[in-house]
Undergrad: 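Mind looking over this structure? Questions follow.
Quick caveat, the model's predicted, so the values are computed rather than measured. All residue numbers in this chain count up from 1 along the given sequence.
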Amino acid sequence: MHVLEKARKFIIDADYRFLVLSSFGMYNSMSDEEFLKRKFKATLGYELNLDNPKSFNEKLQWLKLHDRNPKYTMMVDKYEVKKYVASIIGEEYIIPTLGVWERFEDINFDTLPDQFVLKCTHDSGGLVICKDKKKLDINAARKKINRCLKNDYYLVGREWPYKNVKRRIIAERYMSDINNEGLMDYKFLCFDGKVHGVFVCSERFSEDGLKVTFFDNDWNKLKFERHYPSSRIDIPKPMKLKEMEELAERISKDIPFVRSDFYVISGDLYFGELTFYPGNGFEEFTPESVDYEMGELIKLPGGVTS
């Protein structure tokens, strides 16, 4: 969009104006409920009904406000979640942690292997991938990590579990497939401890960008999309699909909805992360009817709605 078109839209379009100003923190003091109503309407184009939510996206917003189990904070903490998940499915599924620090300046790079990954524990995107320590730009890594440490990820979409995550940096073992390319992650959609579908993120570094492809539990490709296009490339059924499904169900027991992610690397299975509100609950489905079909799978606590 041309800069003049953006300026005109900013003046005449209240929803667009809200999205722009909120990205600069202008509404950080707004209540969670009001913020979510405003952003939902501005992003998805229809009013958020919190009294009788029906769609998948609506119910994710309701869960942000009303399903505040204290353990969720630990489950989104990229350091603490490893211990939590290991206690349920076993240490062998956990990507090894090489170190944890509160400040970038405390990292002793001499003790790290030639390949590793740095992550901030409290956000999404605070990531530095090192494939060759001799070529690592430490100054650039410092700037990125320190910028991310200052980021309050809770304010982006009012995902309250992130509000009290301790801000730290972890180093993990660098994981790659046989071809040393970007890994495909398998993301299981879990409703009250039962998997109802899985999607794959692929082609992250391709010219036309990320692809998100949905499958049912038997690996039949589903004919809908959410925000990102599905892949035109055949994605083979992964090794250990059923094992991943069983592990995801064990982790997600008694939770209305959570997404549980796994990788298969050289035949070995590893846990990735847990996500309570994919896309912040602000990503559209095509066709729109799928938003409501998936919404029916979420049974809200307290019998608020069916």
Side-chain angles (χ1 to χ4, degrees), residues 9-10 12-23 25-73 75-76 124 152-163 187-197 199 212 214 222-228 252 254-260 274-306:
K9 189 172 184 179
F10 182 86
I12 66 174
D13 188 332
D15 288 339
Y16 179 73
R17 189 163 57 249
F18 175 83
L19 292 175
V20 172
L21 293 177
S22 64
S23 71
M26 297 296 291
Y27 299 104
N28 285 354
S29 62
M30 182 178 284
S31 72
D32 287 351
E33 181 170 334
E34 181 61 24
F35 180 88
L36 292 175
K37 286 181 176 179
R38 292 282 302 275
K39 187 165 184 177
F40 193 91
K41 173 62 166 54
T43 307
L44 292 175
Y46 66 98
E47 300 289 344
L48 171 60
N49 185 343
L50 290 171
D51 294 324
N52 188 25
K54 294 293 186 181
S55 73
F56 179 78
N57 284 311
E58 282 184 316
K59 288 188 177 183
L60 291 186
Q61 308 309 326
W62 189 97
L63 290 169
K64 288 180 187 178
L65 296 170
H66 300 292
D67 183 29
R68 298 196 165 185
N69 189 322
K71 75 176 182 180
Y72 293 172
T73 293
M75 293 169 73
V76 301
S124 177
D152 189 341
Y153 190 64
Y154 148 74
L155 291 172
V156 175
R158 303 302 171 98
E159 297 188 22
W160 73 269
Y162 287 96
K163 190 172 186 178
K187 301 176 179 292
F188 291 80
L189 305 173
C190 305
F191 302 79
D192 282 315
K194 295 295 180 183
V195 169
H196 291 275
F199 66 90
V212 174
F214 287 83
L222 298 174
K223 296 180 180 180
F224 68 83
E225 296 175 337
R226 188 180 189 219
H227 195 65
Y228 298 96
S252 62
D254 299 324
I255 299 173
F257 173 81
V258 68
R259 196 193 76 209
S260 185
L274 298 174
T275 300
F276 288 96
Y277 322 101
N280 268 314
F282 297 126
E283 289 184 348
E284 74 287 355
F285 286 87
T286 306
E288 185 180 357
S289 59
V290 178
D291 198 355
Y292 293 88
E293 292 169 10
M294 290 191 65
E296 291 179 359
L297 296 172
I298 298 180
K299 308 304 178 185
L300 298 180
V304 173
T305 188
S306 59

Undergrad: Does atom NZ of Lys71 have more than 12 heavy-atom neighbours from other groups under 6.0 Å away?
TA: yes

Undergrad: Determine the minimum heavy-atom distance between Asp51 and Asn49, stating which atoms define it.
TA: N-OD1, 3.0 Å

Undergrad: Quick test of your reading of the model: are Glu33 and Lys37 salt-bridged, counting only N-O distances below 4.0 Å?
TA: yes

Undergrad: With side chain to side chain contact (heavy atoms under 4.5 Å, CB included) as the test, would you mind laying out the steps for Gln61 and Phe282 before giving the verdict?
TA: CA-CA 9 Å; Gln61 308 309 326; Phe282 297 126; 3.6 Å; yes

Undergrad: Determine, for Phe188 and Arg259, whether the Lys NZ or Arg CZ falls below 6.0 Å from the six-membered ring centre while staying within 45 degrees of the axis.
TA: no

Undergrad: If we only count heavy atoms from C-beta on, is the Pro301 to Trp62 side-chain gap below 4.5 Å?
TA: yes

Undergrad: Within the supplied structure, the quantity of interest is the number of heavy atoms (other residues, nucleotides, ligands) at a distance under 6.0 Å from Glu288 CD; does it exceed 12?
TA: no

Undergrad: With the side chain counted from C-beta on, respond yes when Val290 and Glu225 share a heavy-atom pair under 4.5 Å apart, and no when they do not.
TA: no

Undergrad: A cation-pi test, strictly: NZ or CZ of Arg158 under 6.0 Å from the centre of the six-membered ring of Tyr154 and no more than 45 degrees from its axis. Yes or no?
TA: yes

Undergrad: Between the side chains of Asp32 and Arg68, is the shortest nitrogen-to-carboxylate-oxygen separation below 4.0 Å, so that they form an ion pair?
TA: yes

Undergrad: Using every non-hydrogen atom in the two residues, find where Pro53 and Leu300 come nearest and quote the distance to one decimal.
TA: CG-CD1, 3.7 Å

Undergrad: State, to 0.1 Å, how close Val156 and Lys39 come at their nearest heavy-atom pair, and which atoms those are.
TA: O-NZ, 2.8 Å

Undergrad: Does the side chain of Lys194 come within less than 4.5 Å of Ser252's, by heavy atoms?
TA: no

Undergrad: Got a second to check how far His196's NE2 is from Ile298's CD1, nearest 0.5 Å?
TA: 11.0 Å

Undergrad: For the CG atom of Leu155 and the NZ atom of Lys163, what is their distance to the nearest 0.5 Å?
TA: 8.5 Å

Undergrad: Any non-hydrogen side-chain atom of Glu159 less than 4.5 Å from a side-chain atom of Phe276?
TA: no

Undergrad: Would you say that Arg226 contacts Asn57 through its side chain, given a criterion of any heavy-atom pair below 4.5 Å between the two side chains?
TA: yes

Undergrad: With a 4.5 Å heavy-atom cut-off, do Leu19 and Thr43 have their side chains touching?
TA: yes

Undergrad: Take Phe18 and Phe35 through the ring pair (Phe, Tyr, Trp, His ring centres under 6.0 Å) test and state the conclusion after the steps.
TA: CA-CA 10 Å; Phe18 175 83; Phe35 180 88; 5.7 Å; yes

Undergrad: What are the two closest heavy atoms between Arg38 and Tyr27, and how far apart are they?
TA: NH2-OH, 4.3 Å

Undergrad: Could you walk me through whether Val195 and Leu189 pass side chain to side chain contact (heavy atoms under 4.5 Å, CB included), step by step?
TA: CA-CA 6 Å; Val195 169; Leu189 305 173; 5.9 Å; no

Undergrad: Quick one about Tyr46 and Ser55 (side-chain donor to acceptor, distance below 3.5 Å, no hydrogens or angles considered), yes or no?
TA: yes

Undergrad: Checking Glu58 side chain against Lys54 main chain: does a donor-acceptor pair fall under 3.5 Å?
TA: yes

Undergrad: Tell me whether the rings of Phe224 and Phe214 are parallel (<30°), tilted (30 to 60°) or perpendicular (>60°).
TA: tilted

Undergrad: Relative to each other, are the rings of Trp160 and Tyr72 parallel, tilted or perpendicular (30° and 60° limits)?
TA: tilted

Undergrad: Any donor and acceptor pair, going by atom type alone, linking the side chain of Lys64 with main-chain N or O of Gly157 inside 3.5 Å?
TA: yes

Undergrad: Determine the minimum heavy-atom distance between Val76 and Pro161, stating which atoms define it.
TA: CG2-O, 3.8 Å

Undergrad: Quick check: do Leu63 and Leu65 have side-chain heavy atoms less than 4.5 Å from each other?
TA: no

Undergrad: Do Ile255 and Asn69 have side chains that approach each other closer than 4.5 Å (heavy atoms only, starting at C-beta)?
TA: no

Undergrad: Looking at CG of Leu60 and CG of Leu48, how far apart are the two atoms once the value is rounded to the nearest 0.5 Å?
TA: 10.5 Å

Undergrad: Can you check salt bridge (Lys or Arg N to Asp or Glu O under 4.0 Å) on Asp15 and Lys41, steps first, answer last?
TA: CA-CA 7 Å; Asp15 288 339; Lys41 173 62 166 54; 3.3 Å; yes

Undergrad: Strictly distance-based, threshold 3.5 Å: is any side-chain N or O of Ser31 a donor or acceptor partner for the main-chain N or O of Glu34?
TA: yes

Undergrad: Which atom pair, heavy atoms only, marks the closest approach of Asn280 to Tyr153?
TA: ND2-OH, 4.5 Å

Undergrad: In terms of the angle between their ring planes, are Phe56 and Phe285 parallel, tilted or perpendicular, with boundaries placed at 30° and 60°?
TA: perpendicular

